[in-house]
2 protein chains.
Amino acid sequence: MAVTLADVAARAGVSAATVSRVLSGNYPVAGATRSRVLRAVEELEYVVNGPASALAAATSDLVGVLVNDIADPFFGIMASAVQSEMEPEKAGGKLAVVCNTGGSPERELTYLTLLQRQRAAAVVLTGSAVEDEKHTAALAARLRRLSEAGTRIVLCGRPPLPEDAVSGRGDALRSGTAGRDADGTGAEDESTAPITVAFDNRGGARRLTEHLLALGHRRIGYVAGPVERTTTRHRLEGHRTALADHDPALLADAERLTVHGAYDRSSGYDGALELLRRAPDLTAVLAANDTVALGVCAALRDQGLRIPEDVSVAGFDDLPFSADAAPALTTVRIPLHEAGARAGRLALGRESAPPGGVATVRTELMARASTAPPRAD
Amino acid sequence: MAVTLADVAARAGVSAATVSRVLSGNYPVAGATRSRVLRAVEELEYVVNGPASALAAATSDLVGVLVNDIADPFFGIMASAVQSEMEPEKAGGKLAVVCNTGGSPERELTYLTLLQRQRAAAVVLTGSAVEDEKHTAALAARLRRLSEAGTRIVLCGRPPLPEDAVSGRGDALRSGTAGRDADGTGAEDESTAPITVAFDNRGGARRLTEHLLALGHRRIGYVAGPVERTTTRHRLEGHRTALADHDPALLADAERLTVHGAYDRSSGYDGALELLRRAPDLTAVLAANDTVALGVCAALRDQGLRIPEDVSVAGFDDLPFSADAAPALTTVRIPLHEAGARAGRLALGRESAPPGGVATVRTELMARASTAPPRAD
DNA sequence: CCTGGGATAGAAAGCGCTTTCTAAAGCGAG
DNA sequence: CTCGCTTTAGAAAGCGCTTTCTATCCCAGG
């Protein structure tokens, strides 16, 4: 049906092997031959058959990107950044496969299997992990399988897998892709352990809470994320560390002033109402993220409270809309684009793994108009 | 290296052909045999080799989704919706390849070639088209090529290709995929022309402008999008139609009250300042989309103008943050999710093409707090 | 009891590429 | 001028699956 390598070879008067070598470029071909081949490719408008070459080479040009929901800018920005590192000029022909897991661990496993089926060159996992031993073990097993098949694994914005869950980086390693460098002198030390780009959620939450404490707040509500997520726990830990450091007495009330919900607007709305019910006198509310903060703001306003005069509100993530909210939202900036880009480079092997396999990206407090000193009442 | 079909076949005591048939399910296999095979698959943890089956079957499980920028919720929502139609349960094993074109027609062509290389099952193109004959022709040619190779094409949120650019749906059609139904009695009428899910941008813009006119506005500025985009032109047309219908005299000033920019916040900011310079007495500003509207609002506020008391502002698209802006943004809702989902179903062949190949989705005016009657000055 | 036809399963020929392994030149040195 | 090395190119063997084309097997009908 379509033009094949053989057609190009015939036209250029060379063998198929030569055409393949010209196109892949990892074998010397004389200049004259090369240009003859390239001309034939042009003339015939030849398009490589990806599946065929993936079959023969045992690896494809696909890079999987697992996200909770691509429609959420938090993930959209990371995915976009990962993708930006795979532009045709930077990484010839790599394609990003975006998989919406909806935060479900099962779905995550399903997609990883699908990506393994496609012999993906790499997989970037975003979205916080679920703290469940069974899921963690299943995930680690699946990732090991992928890894053994030559797929590079990068975790972005989620903590590294627990040591004991990973283990057993087996023997099957060198049989697969490591064809070149056959004399064995080269340092075949390419670790297959997943690389992690982690966010400093604890530090960010701590600084945010310190900011509120410094403003004079003492009764601070917290609309947290799903209770089983690592991200939720880390942010909560940072928050409570700051409270404890400031005044251990504050910690006593922290439990009561915390509600859990999803990472969406309505959780923020409902959570704020619940907090108000529990503690009508609170002067500040922290939200699991910016989207939740929007919901919190809406609820507070619906209750006739002004922001920040009556209640201060802060978010997390610093998504693009946060600076434009009215009042502009105090939040913690996560360099999502930088993190995603780095994950992309790591996935493509264009950047070497950080020492220990974990790179933590800094978070930054963005103090804006939604937080102010509490009224002196 | 990995477990192959042959291994499964050996374990189940059948031939590879039988295993293949069990897994693809498009050929009768006796119940007992089938379950024996399935058990072997389980036991060996067999994962199909995607490239190999794509090679043999001449089509892959990949569906390309071209977007301007996946980090932009406008595209994120559509991509997410397309993806939601390909969940493992709905469409076994289909995977979405998201390609950021950055709005560049060249990049668009590059990605289409890459997708052709992967023998993508379908491609969904979003993002407005560029009005340039050369690009249109090149795009049409590329799409025809893809189409001939058996890839289904769906345009989502962009107008259909001009008739003359498409043309020549050649002879190469039936040679490819149309294997089954060989007796020729079946109606082999599956048109390969691209299917379109278009937005009613004209109508939306017209209704939005009518809304402002009804409120009493007469000096309405317009911060439009990139001048070469079809979407920009359509929205502008709708706007001017409304003006002309209301009072032809208004049309005279429309040119002066229009500035063009990109679809981003800073274009809105700059555009608003420029409009204010040209016409300090304007009472309303329409923006190319919601993001631009945010920039417009920021600029107006920085100039000491209140919204909507001094100047009304309206956007377009109704992205999630619009309702939460302060004041809540009047805008035109585009059912992005519905459109994307429909595009996804069309791409997967789970919904038949609309008559004429074009489905237009309705847009809806969302009148909110950012627009109000002008002050009586 | 024999036969034609439907239901199942196997054999084998690719799909189009990559990559050894091998062979033919091309070159400087002895 | 010839030998042995390097450089360049071809032959051919797969990679793992799909899908004809065939070969059984079994049953109802004659």
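Chain letters run A, B, ... following the sequence lines, proteins first, then strands; residues in each count from 1.
Without hydrogens or angle criteria, B:Ser60 side chain to B:Ala54 main chain gives no donor-acceptor distance under 3.5 Å.
Side-chain nitrogen and oxygen atoms of B:Thr33 include at least one within less than 4.0 Å of the OP1 or OP2 phosphate oxygen of C:dA9. Between A:Ser15 and D:dA11 there is no side-chain N or O to OP1 or OP2 distance below 4.0 Å. Close to C:dC17, at under 4.0 Å from its OP1 or OP2, lies no side-chain N or O of A:Ser53. Remark: B:Thr18 is in phosphate contact with C:dG10, judged by side-chain N or O atoms under 4.0 Å from OP1 or OP2.
Under a 4.0 Å N-O distance rule, the pair B:Glu87/A:Arg107 qualifies as a salt bridge. Salt bridge annotation for B:Glu42-B:Arg11: absent, with no cationic side-chain nitrogen under 4.0 angstrom from a carboxylate oxygen.
Counting to the nearest Å, the C1' atom of D:dG16 and the CG atom of B:Leu55 are 9 Å from each other. Atom OH of B:Tyr46 and atom C1' of D:dC17 are 7 Å apart (whole Å). Nucleotide C:dC17 holds its P atom 13 Å from the CD atom of B:Gln118, rounded to whole Å. A straight line from CZ of A:Arg21 to C1' of D:dT8 spans 8 Å, rounded to a whole angstrom. Whole-Å rounding puts the B:Arg34 CZ to C:dT8 C1' distance at 12 Å. Residue A:Leu5 contributes atom CG, which lies 10 Å from atom P of C:dG16 at whole-angstrom precision. To the nearest angstrom, P of C:dG16 lies 14 Å from CD of B:Gln116.
In terms of polar N and O atoms assigned as donor or acceptor, the side chain of B:Arg36 never comes within less than 3.5 Å of the base of C:dT8 in a complementary pairing. Checked by distance alone, A:Arg119 brings no side-chain donor or acceptor within 3.5 Å of a matching partner on the base of D:dG16. Put simply, the side chain of B:Tyr27 and the base of C:dA7 share no donor and acceptor less than 3.5 Å apart.
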Residue pair B:Ser15, B:Thr18: steps toward the side chain to side chain donor-acceptor pair (under 3.5 Å) verdict: CA-CA 5 Å; B:Ser15 72; B:Thr18 301; 3.2 Å; yes

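Remark: the A:Glu108 side chain and the A:His135 side chain contain no N/O donor-acceptor pair separated by less than 3.5 Å.
In this structure, of D:dC17, C:dG16, C:dT18, it is D:dC17 that holds the atom nearest to the side chain of B:Asn49. Distance from the side chain of B:Ala52 is smallest for D:dG16 among the nucleotides C:dG16, D:dG16, C:dA12.
Nucleotides of DNA chain D nearest to A:Gly31 and A:Ala17 differ in position, and the one nearer the 5' end is that of A:Gly31. Residue whose closest nucleotide on DNA chain C sits further toward the 5' end, between A:Ala16 and B:Pro28: B:Pro28.
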